[in-house]
S.K.: 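Below are the structure tokens for one structure; questions will follow.
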Amino acid sequence: EGGVTVAKEERPALLARVYKDETFAKPRNVIGLTKSIPPEEMEKLILANTTIDDDDLLALGNRRAQAARDWLITTGQVPGERIFLTGAKPASKEDKGSPSRVDFALH
């Protein structure tokens with residue numbers, strides 16, 4: 001629901017648009033213009049120059065928690081009053097589980 005499906009043949013053009021809009025240093029040709037590179041190389045450069053901070057991870061965690069809650073209510077048929085969301089928090093060194101884990105409790 002609300003997702004976007006990208007056809008395999010659309011991906012290179014969309015990747016090229018994202019790459020063009022990025023502000024990191026790109027490979028240049030002999031006259032200084034941005035060099036044309038294959039989509040796989042564009043993707044590698046985009047990923048290598050993307051930074052993700054704790055706020056980004058917390059926002060993602062909260063969106064995933066909301067999606068899980070919505071699924072439990074609609075598809076899992078769990079009454080909404082039994083599900084409580086707590087805010088996502090960054091993993092600490094003391095956490096014994098995976099840094100990308102989720103804890104569930106039903107009341």
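This chain uses plain numbering: 1 for the first residue, then up along the sequence.
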S.K.: Distance from D56 atom CG to D53 atom CG, nearest 0.5 Å?
M.R.: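 One gets 4.0 Å once the value is rounded to the nearest 0.5 Å.
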S.K.: Could you tell me whether the side chain of E41 and the main chain of P38 form a donor-acceptor pair under 3.5 Å?
M.R.: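 No, because the side chain of E41 does not come within donor-acceptor range (under 3.5 Å) of the backbone of P38.
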S.K.: Under 4.5 Å between side-chain heavy atoms, hopping through other hydrophobics if needed: is there a path connecting L60 to L58?
M.R.: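 Result: no, two separate clusters.
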S.K.: Hydrophobic clustering (ILVMFWY, side-chain heavy atoms < 4.5 Å, transitive) - are I37 and F24 grouped together?
M.R.: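 F24 and I37: one cluster.
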S.K.: Once you round to the nearest 0.5 Å, how far does NZ of K44 lie from CG of N49?
M.R.: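 If we round to the nearest 0.5 Å, K44:NZ and N49:CG are 14.0 Å apart.
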S.K.: With sequence neighbours excluded, give me every side-chain hydrogen bond (donor to acceptor under 3.5 Å, both in side chains) pair touching residues 11-28.
M.R.: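 As it turns out, the side-chain hydrogen bond (donor to acceptor under 3.5 Å, both in side chains) pairs with a partner in residues 11-28, which skip direct neighbours, are R11-E43, R28-T34.
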S.K.: Taking atom types as modelled and ignoring hydrogens, do the side chains of Q66 and D70 form a donor-acceptor contact shorter than 3.5 angstrom?
M.R.: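 D70 and Q66 do have a side-chain donor-acceptor pair below 3.5 Å.
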S.K.: Write down the atom of R69, the atom of I83, and the distance for their closest heavy-atom approach.
M.R.: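 In terms of heavy atoms, the two residues are closest at CG-CG2, 3.7 Å.
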S.K.: Is any side-chain heavy atom of I46 closer than 4.5 Å to a side-chain heavy atom of L15?
M.R.: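 Yes. Closest side-chain heavy atoms under 4.5 Å.
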S.K.: Atom CD1 of I73 and atom CD of E81: how far apart are they, to the nearest 0.5 Å?
M.R.: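 The CD1 atom of I73 sits 8.5 Å away from the CD atom of E81.
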S.K.: Tell me the closest heavy-atom pair linking L45 and P27, and the distance in Å.
M.R.: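 The pair with the smallest heavy-atom distance is CD1-CD, 3.8 Å.
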S.K.: Quick check: are there more than 12 heavy atoms from other residues, nucleotides or ligands sitting under 6.0 Å from CD of E10?
M.R.: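 Counting other residues, nucleotides and ligands, CD of E10 exceeds 12 neighbours.
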